[in-house]
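Structure record follows, encoded as structure tokens.
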Amino acid sequence: MYWPGVFERIDAILARRPDGIVLTRQLQSPEAREKLIARGIPVVETWELAQDPIDTVAGFSHEAVGQAMAEHIIERGHRRVGLVWSDDARATRRRQACADTLRKAGVEVVACELEAVPVNMGHGREAMARLLAAKVPMDAVICSIDLLAQGVMAEAQANGLRVPQDLAVMGFGNLEFAAHTHPRLSSVNVDGGRIGLRTAELLLQRIEGSLGRGEQVEDVGFSLVVREST
């Protein structure tokens with residue numbers, strides 16, 4: 001994903017002579033990346049594991065998340081899986097890893113990508129309605145975020161499908177409501193507090209000089225939260 005005016009934004013930040021910079025999304029502008037590297041200011045990229053980091057990283061692998069979601073559904077014995085997914089860059093990386101893992105296991109995959117960003121529960125209902133109208137046979141649906149999964153469950157139940165008996169549903173993010181849906185939603189938990197803490201600690205270490213440039217790529221990890229929906 002390219003941020004409009006990102007090069008100008010980096011210039012504006014550098015003009016303030018910061019001691020350090022935290023990036024919550026990877027820069028896709030080669031010029032902006034090179035400018036940060038050339039200036040030598042401590043940079044911590046966070047919320048993902050950058051494949052070509054500018055400096056220091058604290059995050060998790062979206063590819064590993066996608067693989068883990070697929071493996072969970074495979075272990076439950078599902079063989080025809082729908083993917084209801086938003087198309088932002090991080091979600092796309094999870095989707096690709098998820099789909100690849102499913103297909104390698106011989107699972108039939110039906111993808112329903114959504115251009116809307118950010119997405120909401122209504123988008124999940126709409127996507128599920130399209131799949132049902134197309135009479136696509138599925139025994140599970142994996143979603144790029146819990147909001148979509150909540151919508152998928154609602155639309156499935158409105159059409160007489162039982163979750164998880166007729167259709168297993170899984171989301172991502174472990175949002176607050178996931179533990180209170182009916183049935184409770186299986187999801188993936190990422191410890192945002194831990195990422196924030198390590199980002200701050202690593203940035204301070206870089207500023208103080210106790211950590212050199214490029215010396216730390218920290219995988220904070222994630223955990224599956226298995227509930228009744230799968």
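Bear in mind the structure is a predicted one, so any value in this text is a computation, not a measurement.
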Open item on the list: Is it true that H72 and T230 share a donor-acceptor pair across their side chains at a distance under 3.5 Å?
Closed with: yes
Open item on the list: I'd like to know if the side chain of Q26 pairs up with that of E45 as donor and acceptor (distance under 3.5 Å, no hydrogens or angles considered).
Closed with: no
TODO: Kindly write out the residues that satisfy side chain to side chain contact (heavy atoms under 4.5 Å, CB included) with R125, not counting sequence neighbours, or none if the list is empty.
DONE: A154, E155, A158
Task: Nearest-0.5 Å distance, CG of residue D146 to CG of residue L185 - done: 5.0 Å
Task: Parallel, tilted or perpendicular: ring planes of F172 versus H62, cut at 30 and 60 degrees - done: tilted
- [ ] Please determine, by modelled atom types, if S86 and S144 share a side-chain donor-acceptor pair under 3.5 angstrom.
- [x] yes
TODO: Following the transitive rule for hydrophobic clusters with a side-chain heavy-atom cut-off under 4.5 Å over Ile, Leu, Val, Met, Phe, Trp and Tyr, establish whether I13 and L23 coincide in one cluster.
DONE: yes
Task: Spatial distance of atom CD (E208) from atom CG (L203) [nearest 0.5 Å] - done: 9.5 Å
Task: Pairs meeting criterion salt bridge (Lys or Arg N to Asp or Glu O under 4.0 Å) with involvement of residues 167-193, two or more places apart - done: R184-E228
TODO: For R162, enumerate each residue passing the salt bridge (charged side-chain N to carboxylate O under 4.0 Å, His left out) test, keeping only those at least two apart in sequence or located in another chain.
DONE: D166
Task: For Q67, side chain to side chain contact (heavy atoms under 4.5 Å, CB included) partners two or more places apart - done: E71, T101
- [ ] Supply the atom-to-atom distance I74 CD1 to L102 CG, rounded to the nearest 0.5 angstrom.
- [x] 5.0 Å
Task: Pairs involving residues 195-204, ordered by first then second residue, that meet salt bridge (Lys or Arg N to Asp or Glu O under 4.0 Å) (sequence neighbours left out) - done: R198-E201, R198-E218
Task: salt bridge (Lys or Arg N to Asp or Glu O under 4.0 Å) contacts touching residues 98-108 (sequence neighbours left out) - done: none
